[in-house]
Amino acid sequence: MEKKTVFSAVQPSGVPTIGNYVGSIKNWVAMQDEYNCIYSLADLHTLTVKQVPAELRQRSYELLALYLACGIDPEKSIVFAQSHVHQHAELTWVLNTITYPGELQRMTQFKDKSRNHADNINMGLLDYPVLMAADILLYGTDVVPVGIDQKQHLEIARDLAVRFNNRYSPTFVVPEPLIPKVGAKIMSLQDPDKKMSKSDENVNAFISVTDGTDDIVRKFKRAVTDSEAEVRFDEENKKGVSNLLTIYSLFSGKSIPDAEKEFEGKGYGDFKLAVAESVAAVLAPINQEKNKMLADKGYLQSVLKKGMEQAEYLANKMIRKVYKKIGLIEP
Ligand code: TRP
């Protein structure tokens, strides 16, 4: 049977947290053998909020190095920068002509970002989900692993695929979201009612994948728990401790019941230190590898070039098909 196609992307805006890592990149790595995987740096998406050009460029290299250090293998998967394949912008234009402003204005992320960037509510911010739909539909994508916050955008991609197929003829695959059960839900260390976010103003609320061991230990030591001193999973009454148990389980590979047993009769101090150590043990080698790769821009550029060529071959076939169906003269 032919392998299914997976597409996903992360924006090179800010440093990913451990929530982003377990919720996305870690799963991408695991999918590489079973699927044809296409992983992109969503650099065009970052332009919807103000960027400092030199920082954007550096963060794009950093994110690429992180992908590779985490185990995304350019021999198995297509890894490329969205801006290197012009068909993404072209398909966005075509899809714009079958998208209604109202369906974009009601997107939760558009509303949130309009609030947070009130001085810069631009057309790109509104059109963001259409560019994302183009990313996905260009490659005949079957499955899109994304966080729960992207589910609405995926529904737009599905709607646009169906709308185009009905208006012309079957062209696009209607993609399915794949939303992880755990890890989609790593919460803030300071306020376990909120999702862990890389843009939280309190740096103690999140662990960045680039945090060193000292920072990791310090942040976990300060993590909000409760006054019970019992390491027990109870998402209703013990949100902070449950979040730490989830993190411990994901990073140590132990089950939550085993972890509960391990810390029976021990205080939160020991527990927090063990959580910190389990996270540091995963992140330290990733960062070492990432820094090694960052020092070799030539290698990173060669990965992007190969990815661009592979992606463009596929994207070009799709955009030609689309242009032909809508009645544009073939060149
Ligand atoms: N919008 C996604 C995010 O911020 C990133 C993204 C861009 C994406 N294009 C995509 C994710 C296509 C999945 C598929 O998380």
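Numbering of ligands and ligand atoms starts at 1, following listing order.
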Can you list the ligand 1 atoms lying under 4.0 Å from a non-hydrogen atom of [X]?
| X | result |
| --- | --- |
| Ser8 | 13 (C) |
| His45 | 7 (C), 9 (N) |
| Ala42 | 7 (C) |
| Tyr128 | 1 (N), 2 (C), 3 (C), 4 (O) |
| Val144 | 13 (C), 14 (C) |
| Val146 | 11 (C), 13 (C) |

Determine whether the side chains of [X] and [Y] contain a donor N or O and an acceptor N or O closer than 3.5 Å.
| X | Y | value |
| --- | --- | --- |
| Gln51 | Ser13 | no |
| Tyr61 | Lys297 | no |
| Thr171 | Lys321 | no |
| Thr210 | Ser208 | no |

Checklist outcome for this item: When distances are taken from atom 9 (N) of ligand 1, the protein heavy atom at minimum range is Asp135 OD2, 2.7 Å

Checklist entry - Nearest to atom 12 (C) of ligand 1, what protein heavy atom do you find, and at what distance? => result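 Looking at atom 12 (C) of ligand 1, the protein heavy atom closest to it is Phe7 CE2, 3.5 Å.
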
Checklist entry - For Gln150 and ligand 1, does the shortest N/O to N/O distance drop below 3.5 Å? => result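 Among all N and O atoms of Gln150, at least one is under 3.5 Å from an N or O of ligand 1.
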
Item to check | N/O separation below 3.5 Å, His153 to ligand 1 | outcome: no

Checklist entry - Does the distance from a Lys or Arg side-chain N to an Asp or Glu carboxylate O, for Asp119 and Lys50, drop under 4.0 Å? => result yes

Next on the checklist: A side-chain contact here means heavy atoms from C-beta on lying under 4.5 Å apart; do Leu304 and Leu64 qualify?
Outcome noted: yes

Next on the checklist: Working note: His88 + Phe80, criterion ring-ring contact (aromatic ring centres under 6.0 Å, His included); need CA distance, chi angles, decisive distance, verdict.
Outcome noted: CA-CA 12 Å; His88 289 250; Phe80 75 105; 5.6 Å; yes

Next on the checklist: As a test of understanding, state which of Thr141, Ile136, Leu137, Asp142 forms a side chain to side chain contact (heavy atoms under 4.5 Å, CB included) with Tyr139.
Outcome noted: Thr141

Checklist entry - Applying a 4.0 Å heavy-atom criterion (strictly less than), which segment of Leu131 is in contact with ligand 1: side chain, backbone, both, or neither? => result neither

Item to check | The one among Ala134, Pro175, Ala9 that brings a heavy atom closest to atom 6 (C) of ligand 1 | outcome: Ala9

